[in-house]
Amino acid sequence: MTSEEKSNEWDSLWQEYSKSLEKWKTVFEQIQNATNDMQTKFNEVWEKATKESSVDTMKLFGENWQKSLSDAGMKSLKEFSDAWQKSLNEANASTFKQFVENWQKTLNSSGMEHMKAYGEMMKKFADTWNNMWPKIM
């Protein structure tokens with residue numbers, strides 16, 4: 001293989017990788033934007049529910065929510081269930097609001113931050129590759 005063929009092969013591989021990275025970044029941003037929008041709407045609904053509903057209604061809602069999660073096979077959300085139960089025991093608008101804030105923070109830090117870190121790691125890989133491979137040829 002000639003030096004020019006190797007260079008073209010690297011160029012082609014680099015372009016394919018760059019396109020894949022850009023697709024990933026676009027999807028990540030869409031997921032992040034959709035998640036933020038969903039959480040904003042959820043928070044609006046939650047705020048309205050805690051202001052306009054009785055404690056008994058909120059307890060019933062919580063029981064039904066937990067049951068639906070269990071029925072869907074989401075028993076792995078033990079922390080969610082425990083935190084919800086704690087807020088039910090204290091049963092006031094402040095604890096319900098705190099529950100939601102803690103729950104969303106936990107979800108964001110566990111999934112989205114790992115995804116973001118992965119994207120950053122892959123971006124640094126791309127930057128390093130782009131800076132180094134032409135120099136080796």
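Nothing fancy with the numbering, it's 1 onward along the sequence.
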Visitor: Does Thr40 have any side-chain contact (heavy atoms from CB on, under 4.5 Å) partners at least two apart in sequence or in another chain, and if so, which?
Guide: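 Partners of Thr40 by the side-chain contact (heavy atoms from CB on, under 4.5 Å) criterion, ordered by chain and then number, come out as Glu44.
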Visitor: Quick one: does any side-chain atom of Ser20 pair with a main-chain N or O of Glu16 as donor and acceptor, under 3.5 Å?
Guide: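 Pair found, side chain donor or acceptor close to backbone of Glu16.
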Visitor: Sequence neighbours left out, what passes side-chain hydrogen bond (donor to acceptor under 3.5 Å, both in side chains) with Ser53? Give chain and number order.
Guide: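 By the side-chain hydrogen bond (donor to acceptor under 3.5 Å, both in side chains) rule, Ser53 matches no residue at all.
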Visitor: For Lys23, which residues count as a side-chain hydrogen bond (donor to acceptor under 3.5 Å, both in side chains) partner, sequence neighbours excluded?
Guide: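 Checked Lys23 against side-chain hydrogen bond (donor to acceptor under 3.5 Å, both in side chains); zero matches.
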Visitor: Who passes side-chain contact (heavy atoms from CB on, under 4.5 Å) against Glu5, sequence neighbours left out?
Guide: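 With sequence neighbours excluded, Glu5 shows a side-chain contact (heavy atoms from CB on, under 4.5 Å) to Met1, Thr2, given in chain and number order.
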Visitor: Can you tell me how far apart CG (Asn33) and CD (Gln30) are? Round to the nearest 0.5 Å.
Guide: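 The CD atom of Gln30 is 8.0 Å from CG of Asn33, to the nearest 0.5 Å.
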Visitor: What distance do Asp56 atom CG and Met58 atom CE have between them, rounded to the nearest 0.5 Å?
Guide: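 It is 11.5 Å, given to the nearest 0.5 Å.
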Visitor: Would you give the length of the straight line joining atom CH2 of Trp24 to atom CD of Glu29, rounded to the nearest 0.5 angstrom?
Guide: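 Reported to 0.5 Å precision, the distance equals 9.0 Å.
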Visitor: In chain order, what residues pass the salt bridge (Lys or Arg N to Asp or Glu O under 4.0 Å) check against Glu22, with sequence neighbours excluded?
Guide: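 Residues passing salt bridge (Lys or Arg N to Asp or Glu O under 4.0 Å) with Glu22: Lys25.
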Visitor: Apply side-chain hydrogen bond (donor to acceptor under 3.5 Å, both in side chains) to Glu4 and list each qualifying residue two or more places apart in sequence or on a separate chain.
Guide: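 side-chain hydrogen bond (donor to acceptor under 3.5 Å, both in side chains) list for Glu4, sorted by chain: empty.
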Visitor: Assigning hydrophobic clusters by single linkage (Ile, Leu, Val, Met, Phe, Trp, Tyr; side-chain heavy-atom cutoff under 4.5 Å), is Trp46 placed with Met38?
Guide: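 No, Trp46 does not connect to Met38 through the hydrophobic network.
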Visitor: Taking only residues two or more places apart in sequence, or in another chain, which ones meet Glu47 in a side-chain contact (heavy atoms from CB on, under 4.5 Å)?
Guide: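 Checked Glu47 against side-chain contact (heavy atoms from CB on, under 4.5 Å); matches are Lys51, Lys97.
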Visitor: In chain order, what residues pass the side-chain hydrogen bond (donor to acceptor under 3.5 Å, both in side chains) check against Asn43, with sequence neighbours excluded?
Guide: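 If we apply the side-chain hydrogen bond (donor to acceptor under 3.5 Å, both in side chains) test to Asn43, skipping adjacent residues, the hits are Gln104.
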